[in-house]
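To start, the structure under review is shown below, and the notes come after it.
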Amino acid sequence: MKKNIKWGIIGVGKIAEKFATDLSAVKNAQLHAVASSTSLERAKEFAIRYNAPYSYDSYESIFETPDLDAIYIATPHILHAENTLLCLKHKIPVLCEKPFAMNLKQVQKMIESARENDTFLMEAMWTRFIPAIQKTLDLIAEDKIGKVKTIHADFGFVAPFAPEKRLLNPNLGGGALLDIGIYPAYLSLLFLGYPTHIQAISNFGETGIDEATSFVLGYKNNATAVLNCTLKSRTRTEAFIYGEKGYIHIEGRFMEAKRITLYEGENKPVKFSFPRKTFGYNFEIEEVNECLREGRKESEKMPLSMSVKLISLLDEIRQKAGIIYEGID
Ligand SMILES: NC(=O)c1ccc[n+]([C@@H]2O[C@H](COP(=O)([O-])OP(=O)(O)OC[C@H]3O[C@@H](n4cnc5c(N)ncnc54)[C@H](OP(=O)(O)O)[C@@H]3O)[C@@H](O)[C@H]2O)c1
């Protein structure tokens with residue numbers, strides 16, 4: 001019988017709702033505790049909706065919970081490092097939302113703390129665990145499209161003008177790159193590794209955040225990636241992985257794709273479908289559950305070294321595009 005993993009959530013906003021919904025679809029796991037920094041009532045209501053026995057009105061209080069196995073951090077970007085360090089100090093395994101933190105320095109501190117406390121830590125890059133992405137990796141490993149030479153990917157939607165909310169608020173780490181540009185950036189690392197050349201430009205909005213960022217990456221083997229994110233237009237949010245012999249189309253929204261198509265040479269295109277009833281967060285939850293059951297301190301599929309590469313790439317893109325957050329280098 002598999003050990004039942006008891007989860008806690010810090011920050012009961014929008015993504016916490018989706019995560020808790022998908023957690024209820026995962027076998028041998030349950031929501032056990034919920035902490036809100038602003039309202040015990042919100043925490044209690046959330047806990048009742050998802051049958052969690054414990055709820056608190058401060059993040060510090062969640063550590064009073066008996067038998068807590070893991071915490072999911074669902075706060076704005078600017079708080080990820082602080083919240084993660086708090087959990088690790090209490091030796092509670094952490095799944096922290098993307099971006100892992102605001103910059104490389106913060107990520108390094110989080111990793112140091114995970115190692116010092118011998119505690120599991122993973123960035124919630126759910127895309128890595130989506131079956132369509134795994135299938136894409138498998139097809140490339142089977143040499144169906146040859147060496148990857150170009151990636152095109154975009155992520156865009158029209159964000160409502162709410163300057164105080166996290167998406168457009170620079171004090172909460174708002175902006176397109178860190179919120180959604182992180183997905184095409186991650187895809188490029190997954191399929192091409194770390195680039196040798198980076199070009200990036202941003203458009204800035206009224207609140208000072210990057211409303212749109214476009215970036216072009218170059219690699220040692222003459223491969224390229226052409227990537228884009230925007231909070232001003234609804235784009236197709238698809239990805240194309242082009243190789244020397246063919247290509248793979250990851251249908252929109254690519255970060256949570258249910259369908260991919262393989263175009264192998266002159267052959268008829270082959271579609272692969274991965275229907276599901278969940279949002280898709282169940283796959284990353286299952287990965288964490290398995291790691292904890294096996295006593296592992298990090299995931300092999302989304303290792304801490306990948307989080308270091310991802311934040312380093314975002315730092316470099318920010319620097320090239322002039323995206324600045326006060327007090328963050
Ligand atoms: N993986 C994905 O698909 C995905 C999708 C959306 C968002 N995300 C990530 O998840 C994180 C949260 O996003 P969200 O859309 O859920 O945000 P949200 O709806 O604004 O919720 C964030 C929660 O953080 C807590 N919080 C603590 N201090 C806060 C402050 N100063 N201002 C605002 N909220 C504060 C609040 O909960 P309490 O009042 O309960 O403490 C709030 O409800 C972001 O880092 C984002 O990148 C990931």
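Atoms within each ligand, like the ligands themselves, are counted from 1 in listed order.
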Closest protein heavy atom to atom 21 (O) of ligand 1, given as residue, atom name and distance to 0.1 Å
Gly13 CA, 3.3 Å

Geometric N/O contact Val12 with ligand 1, under 3.5 angstrom
yes

Should His152 and Phe240 be marked as a ring pair (Phe, Tyr, Trp, His ring centres under 6.0 Å) after you check the CA-CA gap, both sets of side-chain angles, and the distance that decides it?
CA-CA 5 Å; His152 291 183; Phe240 293 87; 7.3 Å; no

Hydrogens and angles aside, do Ser36 and Thr38 bring a side-chain donor and acceptor to less than 3.5 Å of each other?
yes

Give the table of side-chain donor-acceptor pairs shorter than 3.5 Å for residues 297-304, with sequence neighbours excluded, one pair per line with atom names and distance.
from   : atom 1 : to     : atom 2 : distance (Å)
Glu298 : OE1    : Leu304 : N      : 2.8
Glu298 : OE2    : Arg115 : NH2    : 3.2
Ser299 : OG     : Glu287 : OE2    : 2.7
Ser299 : OG     : Lys301 : N      : 3.0
Ser299 : OG     : Met302 : N      : 3.0

Group every Ile, Leu, Val, Met, Phe, Trp and Tyr by side-chain heavy-atom contacts under 4.5 Å, then state whether Tyr263 and Leu139 land in the same group.
no

With heavy atoms only and a cut-off of under 4.0 Å, state how His80 meets ligand 1: side chain, backbone, both or neither.
side chain

With no hydrogens and no angle check, just 3.5 Å: does a side-chain donor-acceptor pair link Tyr59 and Glu82?
no

Work out whether the distance between some heavy atom of Phe46 and some atom of ligand 1 is less than 4.0 Å.
no

Within the supplied structure, the quantity of interest is the number of heavy atoms (other residues, nucleotides, ligands) at a distance under 6.0 Å from Lys44 NZ; does it exceed 12?
no

Any idea which atoms of ligand 1 are less than 4.0 Å away from a heavy-atom of Ser37?
27 (C), 38 (P), 39 (O), 40 (O), 41 (O)

Which of these passes side chain to side chain contact (heavy atoms under 4.5 Å, CB included) with Ser188: Phe215, Tyr194, Tyr219?
Tyr219

Taking atom 11 (C) of ligand 1 as the reference point, the nearest protein heavy atom with its distance:
Thr75 O, 3.2 Å

Please check this pair: side chain of Asn117 against backbone of Ser113, looking for a donor-acceptor N/O pair closer than 3.5 Å.
yes

Atom 23 (C) of ligand 1 [closest protein heavy-atom partner, distance rounded to 0.1 Å]
Ala74 O, 3.7 Å

Please report whether the ring centroid of Phe19 lies less than 6.0 Å from that of Tyr281.
no

Classify the contact between Leu79 and ligand 1 as side chain, backbone, both or neither, using a heavy-atom distance cut-off of under 4.0 Å.
side chain

Out of Tyr54, Tyr56, Tyr72, which one pairs with His32 under the ring-ring contact (aromatic ring centres under 6.0 Å, His included) rule?
Tyr54

What protein heavy atom lies closest to atom 30 (C) of ligand 1? Include the residue and the distance to one decimal.
Leu172 CD2, 3.9 Å

Under 4.0 angstrom from ligand 1, any heavy atom of Tyr59?
yes

Going by the 4.0 angstrom heavy-atom rule, the piece of Glu97 near ligand 1 is side chain

Are the aromatic rings of Tyr247 and Tyr242 close, with centres under 6.0 Å apart?
yes

Derivation of the ring pair (Phe, Tyr, Trp, His ring centres under 6.0 Å) call for Phe279 and Trp126
CA-CA 10 Å; Phe279 294 113; Trp126 60 313; 8.6 Å; no

Counting only heavy atoms, which portion of Lys165 has something under 4.0 Å from ligand 1: side chain, backbone, both, or neither?
neither

My understanding is that we take every heavy atom of each candidate and find the minimum distance to atom 17 (O) of ligand 1. Doing that for Arg42, Arg166, Lys14, which one comes out nearest?
Arg166

For atom 39 (O) of ligand 1, find the nearest protein heavy atom and state the residue, atom name and distance (0.1 Å precision).
Thr38 OG1, 2.5 Å

What part of His77, side chain, backbone, both or neither, has a heavy atom within less than 4.0 angstrom of ligand 1?
both

What protein heavy atom lies closest to atom 34 (N) of ligand 1? Include the residue and the distance to one decimal.
Pro76 CG, 3.6 Å

Here the atoms of ligand 1 under 4.0 Å from any heavy atom belonging to Trp126 are 1 (N), 2 (C), 3 (O)

For atom 3 (O) of ligand 1, what is the closest protein heavy atom, and at what distance to 0.1 Å?
Tyr281 OH, 2.6 Å

Determine whether the side chains of Glu164 and Asn169 contain a donor N or O and an acceptor N or O closer than 3.5 Å.
no

Look at atom 4 (C) of ligand 1 and say which protein heavy atom is nearest, naming residue and atom and giving the distance to 0.1 Å.
Ile15 CD1, 3.5 Å

Close approach, Tyr183 and ligand 1, non-hydrogen under 4.0 angstrom
yes

With backbone taken as N, CA, C and O and side chain as the heavy atoms from C-beta onward, which portion of Leu178 lies under 4.0 Å from ligand 1: side chain, backbone, both, or neither?
neither

